[in-house]
Amino acid sequence: MTNPTPSDAGQNPTAAPPIDDLIRLVACYFDRDLLQAAGFRFGPTLKVGDVAAINARGRWRVGVIVRIGRLNAAVEYTTEGAIRDAADPRSSWTEPLRSIKTARFADIAVHPGVQAVPIGDRAAATDRLDS
């Protein structure tokens, strides 16, 4: 038996990022052809804040570039579970679970001309890299 939902539970619209932004961040593609058809381009022209895709577990997941180094970039993406939690009116809003992955510049696809909407404070997330 589950615990009853507290009477004050529910999303706080001012604190929760828009669901559309979360959905965009967890989009995934199964091959390079699908990425290119969606307008992504492979290459080293990257900027922090760009919407990008890197290969994670056999799929190209879309996220936001949060750090660029000499040989690779870190891309942060929100998980599908975070979307479910954010969309569920029975639970209070919590900070979305995010993962950070790195990839070599040659393996990163960037969507030109698209800037991500900032979601929360990324400073703490950029201090760790999830391999």
Trainee: Count I, L, V, M, F, W, Y as connected when their side-chain heavy atoms are under 4.5 Å apart, and connections chain through other members. Are F30 and F42 then in the same cluster?
Mentor: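 Yes.
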Trainee: Side chain to side chain contact (heavy atoms under 4.5 Å, CB included), that's the test. Do I100 and E76 meet it? Break it down for me.
Mentor: CA-CA 4 Å; I100 296 178; E76 175 186 85; 4.1 Å; yes
Trainee: To check you understand the geometry: which heavy-atom pair defines the closest contact between W60 and D107, and what is its length?
Mentor: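 Looking at all heavy atoms of both residues, the closest pair is CZ3-O, 2.9 Å.
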Trainee: Minimum heavy-atom separation for V48 and I68, please, with both atom names.
Mentor: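 V48 and I68 have their closest heavy atoms at N-CD1, 3.8 Å.
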Trainee: For a quick test of reading the model, state the closest non-hydrogen atom pair linking H111 to A38 and the distance between them.
Mentor: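 Heavy atoms only, the tightest pair is NE2-O, 3.1 Å.
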Trainee: Which is it for D33 and Q36 under the side chain to side chain contact (heavy atoms under 4.5 Å, CB included) test, yes or no, and what are the steps along the way?
Mentor: CA-CA 5 Å; D33 292 340; Q36 289 170 332; 4.1 Å; yes
Trainee: Hey, what do you get for CZ (R61) to CD (E80), rounding to the nearest 0.5 Å?
Mentor: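 Rounded to the nearest 0.5 Å, the CZ-CD separation comes out at 4.5 Å.
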Trainee: Dump the intermediate steps for side chain to side chain contact (heavy atoms under 4.5 Å, CB included) on V62 and F40, then the final yes or no.
Mentor: CA-CA 10 Å; V62 174; F40 285 84; 3.9 Å; yes
Trainee: For L46 versus F105, what's the shortest heavy-atom pair and its separation?
Mentor: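 Distance-wise, the nearest heavy atoms are CD1-CD2, 3.2 Å.
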Trainee: Determine, for D50 against K47, whether the closest basic-nitrogen to carboxylate-oxygen distance falls under 4.0 angstrom.
Mentor: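 A salt bridge links D50 with K47.
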Trainee: Might you point out which heavy atoms bring A103 and I108 nearest each other, and give the distance in Å?
Mentor: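 Shortest heavy-atom separation between A103 and I108 comes out as O-CD1, 3.6 Å.
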Trainee: Show the nearest heavy-atom pair for residues L35 and A53, with the distance to one decimal.
Mentor: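 Closest approach of L35 to A53: CD2-CB, 3.7 Å.
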Trainee: Indicate, with yes or no, if Y77 and V51 share a hydrophobic cluster defined by side-chain heavy-atom contacts under 4.5 Å among Ile, Leu, Val, Met, Phe, Trp and Tyr.
Mentor: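 The answer is no; the residues belong to distinct hydrophobic clusters.
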